[in-house]
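Worksheet: the structure to be examined is printed underneath.
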Protein chains: 2
Amino acid sequence: MSRPHDTTSQHVAELFKALGHPARVLLLRLTWDQGRSGEELCGLLKLAAATVSHHLALLDTAGLITAEQRGHHRFYRAHRAAFAPSLADLLAVPRPETETTAPPAPILSEEERYRAKVLRTFFKDGLLTTIPAQRKKRDVVLSYLLRDFEPGREYPESEVNALLGAYHPDFFTLRRELIMRGWLTRERGVYRRPEPEPATGVA
Amino acid sequence: MSRPHDTTSQHVAELFKALGHPARVLLLRLTWDQGRSGEELCGLLKLAAATVSHHLALLDTAGLITAEQRGHHRFYRAHRAAFAPSLADLLAVPRPETETTAPPAPILSEEERYRAKVLRTFFKDGLLTTIPAQRKKRDVVLSYLLRDFEPGREYPESEVNALLGAYHPDFFTLRRELIMRGWLTRERGVYRRPEPEPATGVA
DNA sequence: TGTTTATTTCGAAACTCTTCGAATCAGTTT
DNA sequence: AAACTGATTCGAAGAGTTTCGAAATAAACA
């Protein structure tokens with residue numbers, strides 16, 4: 001595409017925009033250590049319920065907060081995993097650093113072995129250490145992450161973010177890439193993994 | 001405390017707001033590795049000069065970019081020091097000294113632990129509170145400051161001052177000490193960080 | 001089941017931000 | 001000093017955000 005940066009800058013700016021209002025910063029601070037209900041947050045912020053709800057929705061869309069229904073109230077919590085990266089990490093642009101870790105000989109017949117190797121390389125202790133730069137490796141990692149999604153079930157965005165965020169702080173990228181490949185679909189804010197298997201050996 | 005948070009949330013949100021527009025994210029990316037003139041940035045962003053100037057002014061106000069007049073042009077450069085903290089660092093609220101949750105401690109060598117401890121002692125909110133008196137601690141702090149200098153690139157004195165001044169008002173001492181150790185060199189008024197020896201861990 | 005309670009959506013007013021052309025300003029060059 | 005070049009400020013139009021009250025929704029309780 002003519003401007004791969006544009007989309008990414010757009011995307012990164014989106015995250016920062018979600019953080020770019022005092023009320024939302026305060027909401028995150030107040031929900032950092034403990035869950036709090038919307039009602040409580042209303043009182044603390046001295047804003048109308050509708051306004052607080054609006055801000056919470058923005059934080060939720062950005063994957064910065066999680067909600068849980070308990071009794072009559074809905075409790076909100078900052079989604080801490082999303083806050084690990086530094087500003088520089090988020091801003092960092094995919095360098096043209098000519099990745100010369102050339103994949104070893106054509107072992108295409110040993111696809112499973114290749115997959116295992118890639119997964120071993122990029123996962124440590126069940127966490128995704130880096131999102132692979134190479135397309136093919138990213139495919140492997142992303143298809144692995146799909147395990148957590150039942151085909152056909154609906155997932156709200158916040159849950160998608162939470163599931164992916166458990167592996168890597170930049171769940172945005174992971175989510176976007178899954179959508180790009182059609183391995184997740186998005187309609188009216190809810191996500192779904194389509195029924196057919198994604199990357200199984202096609203011929 | 002009626003509102004120590006209020007002011008801070010306002011202030012933090014200000015910073016995020018400055019980052020919350022695609023054009024500004026792109027500007028920072030484009031000026032991350034090299035200085036660029038306003039004219040050049042205009043061309044790259046395909047926006048009117050007035051608009052680019054406006055965005056640059058916002059970034060400047062937030063302390064995210066530095067400018068330097070050179071010849072006919074004014075060169076802008078991302079002020080990298082400002083991007084070191086994580087989102088959590090920025091969001092973190094002055095805790096009521098209940099150090100309950102220790103941050104997940106990765107396995108560090110004894111030297112790394114020492115470095116981390118020194119840095120924690122002398123940095124607050126990304127700023128250098130005091131220049132350590134002990135030589136060994138000063139080494140740690142100075143080597144940390146080097147992160148902001150790309151090996152091999154030329155830095156005019158004004159930029160060196162700006163980069164170091166972002167951490168501590170007495171950039172003069174910092175600069176002198178870096179020169180003394182040979183971690184920066186000076187020739188004909190321009191500064192340079194020597195190319196790294198092989199096997200130097202850079203984070 | 002209907003009632004209660006908390007949250008979200010809607011619609012509208014006030015406000016802020018983005019964008020540009022034109023005018024102004026600030027350095028360089030001749 | 002005058003002319004040139006690039007950057008900033010000004011003013012205005014348009015787009016987007018924030019805020020709230022009122023109405024709709026959803027979820028728990030009796």
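From a predicted model like this one, the values you see are computed outputs, not experimental measurements.
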Separation of H73(B) NE2 from L41(B) CG (nearest 0.5 Å): 11.5 Å
Take atom CG of L47(B) and atom C1' of dG21(C), then tell me their distance rounded to the nearest Å. 14 Å
Go along nucleotides 24-30 of chain D 5' to 3' and tag each nucleotide: B for a protein heavy atom under 4.0 Å from its base, S when only backbone or sugar atoms are that close, - otherwise. ---SS--
Would you kindly give the CD-to-P distance between E39(B) and dG27(C), to the nearest whole Å? 18 Å
Rounded to whole Å, please give me the gap between CD in E40(A) and P in dT7(C). 10 Å
Hey, could you give me the OH/CG distance between Y76(A) and L59(A), rounded to the nearest 0.5 Å? 10.5 Å
Interatomic distance where CG belongs to L59(B) and P belongs to dT18(C) [whole Å]: 11 Å
What is the separation between atom CG on L26(A) and atom P on dT19(D), rounded to the nearest whole Å? 12 Å
Nearest whole angstrom, please: distance from the C1' of dG27(C) to the CZ of F75(B). 14 Å
Quick one, V52(B) and K46(B) - any side-chain contact, counting heavy atoms below 4.5 Å? no
Can you tell which of dT18(D), dA7(D), dA6(C) lies closest to the side chain of H73(B)? dA7(D)
Going from CZ on R29(B) to CG on L91(A), what distance comes out if it is rounded to the nearest 0.5 angstrom? 6.0 Å
R70(A) to F75(A) six-membered ring, cation-pi geometry met (6.0 Å, 45°): yes
Kindly compute the distance separating CG (L64(B)) from NE2 (H79(B)), expressed to the nearest 0.5 Å. 9.0 Å
Please examine the side chains of W183(A) and R193(A), heavy atoms only from C-beta on, and report whether any two atoms are closer than 4.5 Å. no
Give the rounded distance in Å between these two atoms: CD1 of I65(B) and C1' of dA7(D). 14 Å
Does OP1 or OP2 of dT8(D) have a side-chain N or O of Y76(B) closer than 4.0 Å? yes
dist L164(A):CG -> L146(A):CG (nearest 0.5 Å) comes out at 9.0 Å
Can you check the H21(B) NE2 to dG16(D) C1' distance for me, whole Å? 10 Å
Below 4.0 angstrom, which residues in residues 49-58 of chain B have at least one non-hydrogen atom near DNA chain D? A49(B), A50(B), S53(B)
From CG (L27(B)) to CG (L19(B)), nearest 0.5 Å: 11.5 Å
